[in-house]
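For clarity, every value in this text was computed on a predicted model and none was experimentally measured. This chain uses plain numbering: 1 for the first residue, then up along the sequence. All heavy atoms count here, side chains included; hydrogens, waters and symmetry mates do not. Whatever order the structure lists ligands and atoms in, that order sets their numbers, starting from 1.
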Amino acid sequence: MTYQLIQIPQGGEAIRFAEGRLQVPDNPIIPYVEGDGTGRDIWRAAVRVFDAAVARAYGSRRKIFWMEVYAGEKSFRQFNTWLPDETLRAFEEFRVGIKGPLTTPIGGGIRSLNVALRKALDLYVCLRPVRYFKGVPSPVRQPELVDMVIFRENTEDIYTGIEFQHGTPEAERFKALLREHFPDQFAKIRFPETAGFSLKPISVQGTERLVRAAVRWALENRRRSVTLVHKGNIMKFTEGAFRDWGYALAKREFRHQIVTERESWILANREQNPDLSIEENARLIEPGYDMLPPEQQAKVRAEVEDTLATLWSTHGNGQWKRLLLVKDTIADVTFQHVLTRPRDFDVLATPNLNGDYLSDALAAQVGGIGIAPGANINFESGHAIFEATHGTAPKYADLDKVNPGSVILSGEMMLRFLGWHEAADLIIKGMEGAIAARTVTYDFARLMPDATEVRCSEFGDAIIRHMDD
Ligand SMILES: NC(=O)C1=CN([C@@H]2O[C@H](COP(=O)(O)OP(=O)(O)OC[C@H]3O[C@@H](n4cnc5c(N)ncnc54)[C@H](OP(=O)(O)O)[C@@H]3O)[C@@H](O)[C@H]2O)C=CC1
Ligand SMILES: O=C(O)CCC(=O)C(=O)O
Ligand SMILES: [Mg+2]
């Protein structure tokens with residue numbers, strides 16, 4: 001493929017994908033976007049850490065050939081386009097890349113370039129691990145209990161970008177369509193004359209591939225549970241459907257490796273009392289059973305009967321305790337429970353917007369978004385773009401101040417994705433060493449009275465130094 005704006009580095013090779021696996025040469029070309037705002041500072045610090053880790057782990061045998069690709073303000077300044085087609089082609093061709101944050105204006109202007117990249121490459125999983133590094137300041141009492149991994153759906157939901165702005169002819173046509181074809185729905189709009197609209201599509205395919213990836217990852221990594229986080233009580237046909245499709249997929253495709261929470265209750269009830277009737281078991285699993293209408297009660301009884309009939313031999317007598325637990329929780333209370341009972345949460349699978357909110361909130365428990373990494377992945381094609389959870393923090397741009405930890409840990413995830421675990425391990429070691437030595441950036445230093453505040457670049461240096469501890 002030919003490129004006009006992008007310089008392909010001499011001596012590197014593209015990562016390929018064959019038979020469901022990445023084929024990573026020892027000299028991979030990796031496209032990167034520097035990013036807007038603080039992106040410049042954190043990228044400069046991070047790339048030195050990546051190169052140092054690879055050099056220490058593999059000597060001259062392996063080396064990353066970095067290839068700058070353009071997006072955002074730098075691209076607009078240089079090429080008068082926010083997201084050149086070449087950038088998409090390069091991420092497509094070279095398969096695995098990394099990016100800094102990109103600015104998205106509020107209330108108007110261009111739509112998110114971050115979202116555009118995810119959609120263009122169909123990177124349907126936004127994977128954001130949240131773990132604690134010893135010594136990191138935290139507002140909670142036991143941050144070490146936080147070890148959660150968010151699987152955020154990355155291509156649907158409100159991020160689809162189908163919106164109608166109040167006062168535009170498009171909004172008027174959309175309202176006319178509602179008024180004519182869905183008068184009952186139209187009547188629910190409190191202030192139709194001045195309302196804007198955003199649509200929220202969530203599909204079977206989008207949900208299933210996300211939940212499949214989360215369950216598979218949880219099994220491969222011996223995690224305890226996958227929690228489907230949704231607001232299905234209010235958005236019944238999108239978030240509620242996400243829950244139902246998620247459970248159905250887990251039961252259909254992973255039957256012998258998982259147990260749902262309700263199934264575990266039914267089986268445990270029978271184990272505690274082998275003589276328990278179906279009705280008594282139904283009463284135990286369904287609070288308010290006696291208040292339900294008869295057809296609902298019959299449904300709960302059928303669920304108990306079916307679970308015992310189909311699962312007792314494979315999952316009963318405590319066998320279910322060794323399996324992956326699949327459960328669900330409503331989004332609002334989840335924000336309380338991840339704080340008050342972090343032990344109950346492990347892998348979280350959730351639609352796009354919930355995942356966006358949750359990832360920043362969870363990061364706060366373990367040091368903040370300054371060290372919150374992430375990846376956007378398509379597990380079928382092997383395409384992936386690694387990026388920090390945080391944004392461009394424009395007030396700190398070019399001050400060499402902010403924490404480069406998020407993009408560094410995103411690179412650590414990328415190295416693992418490539419199978420370069422030794423280099424990834426060195427980054428973790430360096431990060432642990434730098435934090436233990438209390439040489440930290442402003443965000444940690446303001447919560448650690450006896451720490452030495454260092455610049456963004458110096459924190460990168462400290463990580464490199466502590467790789468040799
Ligand atoms: N994937 C992406 O590219 C993303 C892009 N964005 C975009 O970024 C822009 C700014 O968004 P905003 O909501 O202000 O969120 P930001 O994440 O950019 O910044 C919010 C606050 O988080 C803290 N923070 C952010 N980055 C760091 C860091 N590296 N080290 C330490 N602390 C950090 C700072 O807190 P404090 O003030 O307390 O020091 C900062 O003021 C918007 O245009 C938004 O759309 C947002 C999220 C993701
Ligand atoms: O695209 C943006 O500007 C925001 C994205 C975001 O908040 C995220 O990816 O978590
Ligand atoms: Mg976000």
Side-chain angles (χ1 to χ4, degrees), residues 32-46 71-75 82-83 97-120 123-128 130 136-137 139 150-155 157-161 350-364 366-377 385-411 431 435 440-448 453-460:
Y32 71 92
V33 173
E34 184 184 75
D36 300 332
T38 50
R40 294 180 281 277
D41 282 340
I42 59 178
W43 175 254
R44 210 174 301 120
E73 290 161 4
K74 185 169 184 178
S75 173
W82 293 101
L83 185 56
I98 185 163
K99 66 175 276 295
L102 296 168
T103 299
T104 312
I106 300 165
I110 57 162
R111 289 208 169 263
S112 166
L113 303 169
N114 309 302
V115 172
L117 280 166
R118 296 166 194 170
K119 281 168 66 177
L123 306 174
Y124 64 89
V125 170
C126 181
L127 202 172
R128 291 181 167 172
V130 188
V136 166
I150 298 168
F151 275 69
R152 162 187 175 191
E153 201 290 323
N154 223 11
T155 62
D157 198 348
I158 217 78
Y159 293 76
T160 308
T350 189
N352 210 332
L353 183 61
N354 301 336
D356 195 358
Y357 293 160
L358 259 178
S359 47
D360 282 34
L362 282 181
V366 291
I369 49 181
I371 55 159
N376 306 289
I377 304 178
I385 301 181
F386 292 77
E387 69 175 327
T389 294
H390 64 67
T392 54
K395 68 184 176 187
Y396 296 125
D398 302 316
L399 300 180
D400 194 19
K401 182 178 174 78
V402 296
N403 195 334
S406 308
V407 74
I408 290 173
L409 291 174
S410 302
M431 179 79 83
I435 294 167
V440 293
T441 45
Y442 84 100
D443 50 329
F444 287 4
R446 68 188 168 190
L447 300 167
M448 294 164 70
E453 180 176 331
V454 296
R455 299 183 164 282
C456 172
S457 54
E458 291 168 335
F459 188 60

K.L.:
Would you mind running through ligand 2 and noting each atom that sits below 4.0 Å from a heavy atom of Asn114?
P.N.:
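With Asn114 as reference, the close atoms of ligand 2 come out as 1 (O), 2 (C), 3 (O).
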K.L.:
At what distance is the nearest protein heavy atom to atom 1 (O) of ligand 2, and which residue and atom is it?
P.N.:
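For atom 1 (O) of ligand 2, the nearest protein heavy atom is Ser112 OG, 2.6 Å.
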K.L.:
Does the Asp36 side chain pair with the main chain of Glu73, one donor and one acceptor, at a distance under 3.5 Å?
P.N.:
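Yes, the answer is positive, given that a donor and an acceptor are paired below the 3.5 Å cut-off.
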K.L.:
Can you tell me how far the CG atom of Leu117 sits from the CG atom of Asn376, to the nearest 0.5 Å?
P.N.:
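These two atoms lie 8.5 Å from each other.
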K.L.:
Can you list every protein residue that has a heavy atom under 4.0 Å from any atom of ligand 1, sorted by chain and residue number?
P.N.:
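Residues within 4.0 Å of ligand 1: Lys99, Pro101, Leu102, Thr103, Thr104, Asn114, Arg118, Ile369, Gly370, Glu387, Thr389, His390, Gly391, Thr392, Ala393, Lys395, Tyr396, Val402, Asn403, Tyr442, Asp443, Arg446.
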K.L.:
Are the charged groups of Asp356 and Arg152 less than 4.0 angstrom apart, N to O?
P.N.:
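Yes, Asp356 and Arg152 are salt-bridged.
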K.L.:
Counting N and O atoms only, with roles assigned by atom type, does the side chain of Thr441 sit under 3.5 Å from a partner on the main chain of Cys456, one being a donor and the other an acceptor?
P.N.:
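Flag not set: sc Thr441 to bb Cys456 has no pair under 3.5 Å.
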K.L.:
For the Mg ion (ligand 3), what is the number of protein N, O or S atoms at a distance under 2.8 Å?
P.N.:
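Those protein atoms number 1 in total.
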K.L.:
Run the salt-bridge test on Lys99 and Glu387 with the 4.0 Å N-O cut-off and return the result as yes or no.
P.N.:
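A salt bridge links Lys99 with Glu387.
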K.L.:
Quick check on contacts: which atoms of ligand 2 are under 4.0 angstrom from a heavy atom of Arg152?
P.N.:
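By the 4.0 Å cutoff, the relevant atoms are 8 (C), 9 (O), 10 (O).
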K.L.:
Which ligand 2 atoms are under 4.0 Å away from a heavy-atom of Asp356?
P.N.:
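Taking each heavy atom of Asp356 in turn, ligand 2 has 6 (C), 7 (O), 8 (C), 10 (O) under 4.0 Å.
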K.L.:
Side chain of Thr38, backbone of Ala397: donor and acceptor closer than 3.5 Å?
P.N.:
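Between the backbone of Ala397 and the side chain of Thr38 there is no qualifying donor-acceptor contact (under 3.5 Å).
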K.L.:
Sub-3.5 Å donor-acceptor pair from the side chain of Asn114 to the main-chain atoms of Pro101, do we have one?
P.N.:
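Checked: no pair found.
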K.L.:
Using a strict 4.0 Å cut-off to heavy atoms of Thr104, name the atoms of ligand 2 that fall inside it.
P.N.:
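Listed by number with element: 1 (O), 2 (C), 3 (O).
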K.L.:
Evaluating non-hydrogen atoms only, which member of Arg111, His390, Arg118 is closest to atom 5 (C) of ligand 2?
P.N.:
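Heavy atom nearest to atom 5 (C) of ligand 2 belongs to Arg118.
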K.L.:
Which heavy atom of Val130 sits nearest a heavy atom of Ile150, and at what distance?
P.N.:
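Taking Val130 first and Ile150 second, the nearest heavy atoms are CG2-CD1, 4.3 Å.
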K.L.:
Hey, could you give me the CD1/CH2 distance between Ile110 and Trp82, rounded to the nearest 0.5 Å?
P.N.:
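Ile110 CD1 to Trp82 CH2: 5.0 Å, rounded to 0.5 Å.
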K.L.:
Is it the case that the side chains of Asp400 and Ser457 hold a donor-acceptor pair, with the cut-off being a distance below 3.5 Å and no angle test?
P.N.:
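Checked: Ser457/Asp400 side chains pair up, N/O donor to acceptor below 3.5 Å.
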